[in-house]
Protein chains: 2
Amino acid sequence: MMAKKPAELAKAIRTPLTVDDGIDFPMIELFFFAYRDFTSDPDQLLAAYGFGRAHHRVVHFVNRIPGLTVAELLDVLKITKQSLARVLKQLIETGYVVQIQGLRDRRQRELYPTDKGRDLALALAAPQSRRIANALTRLDTQDRETVETFLRSMVDPDLRVQIEQLPGGAGNVQDRAIAEPEATR
Amino acid sequence: MMAKKPAELAKAIRTPLTVDDGIDFPMIELFFFAYRDFTSDPDQLLAAYGFGRAHHRVVHFVNRIPGLTVAELLDVLKITKQSLARVLKQLIETGYVVQIQGLRDRRQRELYPTDKGRDLALALAAPQSRRIANALTRLDTQDRETVETFLRSMVDPDLRVQIEQLPGGAGNVQDRAIAEPEATR
DNA sequence: AATTTATGTCAACAAGGCTGACATAAATTT
DNA sequence: AAATTTATGTCAGCCTTGTTGACATAAATT
């Protein structure tokens, strides 16, 4: 009996889980590895600035939706006020983001990027966009829509409104397919 | 000059970044939101077990590649020994994973799931697999290959070997398309 | 016999999640 | 006008999970 080696107590399963177990493991793993490398692109850049992924997300959405309020940003990021406060404070102090008191509602703080903030957002997005463009070159042109449809369907239905609100409307293939400068401003 | 209000110092940019800036923002954001919700599926389950995402990843790969060594697991997860040690210790103590001394090389510890560990891996993978299956229903059958090709191309080329080694070979569309139980063991 | 390798462990640190409580100013309701 | 609600900020403290560097041990290799 000797309870010393737990390896002897509970028996080891030596066969791998596979698709035969009714789970789409290949797709689960592809998604995992793809996202891991996708996020690794901006990581080196961020480290140079002394920022982390949390800063990245804030800078990104402030540039994509200039003037959004703190509450709106919390809703997009799905984090708590305190978590946001830390990184937002740093971004404001270092001059990447500015707050402007709301006109209609003066309790609100509208968030805007500065020139520095815009440059950073572009620099962070560039390698990710390149990676995507490269991946799409292995596909037919109309396959882009397939990938978009897939990814959009992976998002919780009640959260897809967030996507549709973004300029360029990733939630709206038809709108953006032509890539014409719309009246988004 | 009163340096009190940084909002007044650096000017706010009021126009959003769009695809016109040469960046594929729609795809970047779709990927972000899709992955966010994809990982939220197992999170509730994990919380019930008192585990985190780190435990999830370990349990997953130990079930997919039973008998892999600590060094191999570190290589797949791309984390440090110490980070792995913490969660691995917990998983072993609570009986989800067992270690067996290597036969060829007795320094190595081969990692295997227990029955508990296998059940957990399946329970965690189920909602993710369901989400994927649901997303694929909106596509034609041959579009699955398009999505797989896209995701595989998003992975760093030198890291794609990791995918190809997994049973069911997500890196090998032809092999897995038929979903036949091959001589993978 | 000496060295290298695989693993474990300890101490310490940092980022970025979380909660709960409390403060303030502005808007809204009564 | 007074009371309440809302948007935001802030403080204290906790947890997970990533990091580094140092050191120990046993087994394999040279």
Side-chain angles (χ1 to χ4, degrees), chain A residues 4-7 36 39-40 42-44 46-60 62 67-94 97-111, chain B residues 4-7 36 39-40 42-60 62 67-94 97-112:
Chain A
K4 290 244 179 112
K5 293 185 176 177
R36 184 189 64 176
T39 53
S40 79
D43 277 355
Q44 299 116 33
L46 287 164
Y49 284 81
F51 291 149
R53 288 187 190 174
H55 302 85
H56 183 183
R57 293 193 286 272
V58 171
V59 167
H60 178 93
V62 165
L68 92 169
T69 65
V70 170
E72 286 165 348
L73 184 52
L74 286 176
D75 206 50
V76 170
L77 299 180
K78 294 275 173 244
I79 57 174
T80 59
K81 191 169 46 162
Q82 187 57 252
S83 295
L84 174 59
R86 261 189 311 242
V87 296
L88 184 53
K89 196 174 188 176
Q90 292 174 300
L91 288 170
I92 290 169
E93 284 170 351
T94 49
V97 174
V98 291
Q99 285 179 319
I100 296 184
Q101 198 171 45
L103 289 181
R104 350 155 255 201
D105 186 334
R106 294 188 318 193
R107 289 171 305 180
Q108 295 182 333
R109 305 298 155 91
E110 297 174 353
L111 304 174
Chain B
K4 290 242 179 116
K5 292 186 177 177
R36 183 190 64 178
T39 53
S40 79
D43 277 354
Q44 299 116 33
L45 241 177
L46 287 165
Y49 284 81
F51 290 149
R53 286 187 191 175
H55 302 85
H56 183 183
R57 294 194 284 271
V58 172
V59 167
H60 178 93
V62 166
L68 91 170
T69 65
V70 170
E72 287 166 347
L73 185 52
L74 286 176
D75 205 52
V76 171
L77 298 181
K78 295 270 174 252
I79 56 174
T80 58
K81 191 168 51 160
Q82 187 58 251
S83 293
L84 173 60
R86 263 189 310 243
V87 298
L88 184 55
K89 197 174 188 178
Q90 291 174 300
L91 287 170
I92 290 169
E93 284 171 352
T94 50
V97 174
V98 291
Q99 285 179 320
I100 295 183
Q101 199 172 43
L103 290 180
R104 348 155 257 199
D105 186 335
R106 293 188 318 192
R107 289 172 304 180
Q108 295 182 331
R109 304 300 154 90
E110 297 173 352
L111 304 173
Y112 294 91

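So you know, we letter chains A, B, ... as the sequences are listed, proteins then strands, and number each from 1.
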Distance in angstrom units between [X] [atom1] and [N] [atom2], rounded:
X      : N      : atom1 : atom2 : value
A:Q108 : D:dT8  : CD    : P     : 5 Å
A:E110 : D:dA7  : CD    : C1'   : 13 Å
B:L74  : D:dT20 : CG    : P     : 12 Å
B:E72  : C:dT7  : CD    : P     : 8 Å
B:L91  : D:dT17 : CG    : P     : 10 Å
B:D43  : D:dT17 : CG    : C1'   : 14 Å
B:R36  : C:dG17 : CZ    : P     : 13 Å
A:L88  : C:dG17 : CG    : P     : 13 Å

Can you give the dot-bracket line for DNA chain D, using ( ) for pairs inside the strand, [ ] for pairs that cross earlier ones, | for pairs with another strand and . for unpaired bases, where Watson-Crick and G-U count if both distances are under 3.5 Å? ||||||||||||||||||||||||||||||

In chain order, what residues pass the side chain to side chain contact (heavy atoms under 4.5 Å, CB included) check against B:L45, with sequence neighbours excluded? B:Y49, B:A123, B:L124

Any idea which heavy atoms bring A:E72 and A:L68 closest together, and the distance?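 In this case the closest contact between A:E72 and A:L68 is OE1-CA, 3.2 Å.
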
Scanning both residues in full, the closest heavy-atom pair of B:L46 with B:H56 reads CD1-CB, 3.8 Å

Mind checking what makes ring pair (Phe, Tyr, Trp, His ring centres under 6.0 Å) contact with A:H55, not counting sequence neighbours?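 Testing A:H55 for ring pair (Phe, Tyr, Trp, His ring centres under 6.0 Å), a comparison that skips the adjacent residues, returns A:F51.
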
B:R86: which residues meet the side chain to side chain donor-acceptor pair (under 3.5 Å) condition with it, sequence neighbours left out?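 By the side chain to side chain donor-acceptor pair (under 3.5 Å) rule, B:R86 matches no residue at all.
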
Check side chain to side chain donor-acceptor pair (under 3.5 Å) between A:T80 and all other residues, then give those that pass, not counting sequence neighbours. A:S83

Run the salt bridge (charged side-chain N to carboxylate O under 4.0 Å, His left out) test against [X] and tell me which residues pass, sequence neighbours left out.
X      : result
B:K78  : B:D75
A:R53  : A:D43
A:R106 : none

Return the OG1 to CD distance between B:T69 and B:E110, rounded to the nearest 0.5 Å.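 Between B:T69 OG1 and B:E110 CD, I get 8.0 Å after rounding to 0.5 Å.
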
CZ of B:R107 to CD of B:Q101: how many Å apart, nearest 0.5 Å? 11.0 Å

Mapping A:K78 and B:T69 to their closest nucleotides on DNA chain C, which lands nearer the 5' end? B:T69

Answer yes or no: side-chain N or O of B:R86 and base N or O of D:dG18 forming a donor-acceptor pair under 3.5 Å. yes

Which residues within residues 47-60 of chain B lie with some heavy atom under 4.0 Å of an atom in DNA chain C?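 Residues of residues 47-60 of chain B that come under 4.0 Å of DNA chain C do not exist, since none gets that close.
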
Each nucleotide of nucleotides 21-29 of chain D classed B (base within 4.0 Å of a protein heavy atom), S (only sugar-phosphate) or -, in 5' to 3' order, makes B-----BS-

Hey, is the side chain of [X] poking within less than 4.0 Å of OP1 or OP2 on [N], counting only N and O atoms?
X     : N      : value
A:Q90 : C:dA15 : no
B:T80 : D:dT19 : yes
B:S83 : D:dT19 : yes

Could you check whether any side-chain heavy atom of B:L111 comes within less than 4.5 Å of a side-chain heavy atom of B:L88, counting everything from C-beta outward?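 The answer is yes, as the side chains (C-beta and beyond) meet within the 4.5 Å cut-off.
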
What nucleotide among D:dG9, C:dT9, C:dT7 has an atom nearest to a side-chain atom of B:V70?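 It is C:dT7.
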
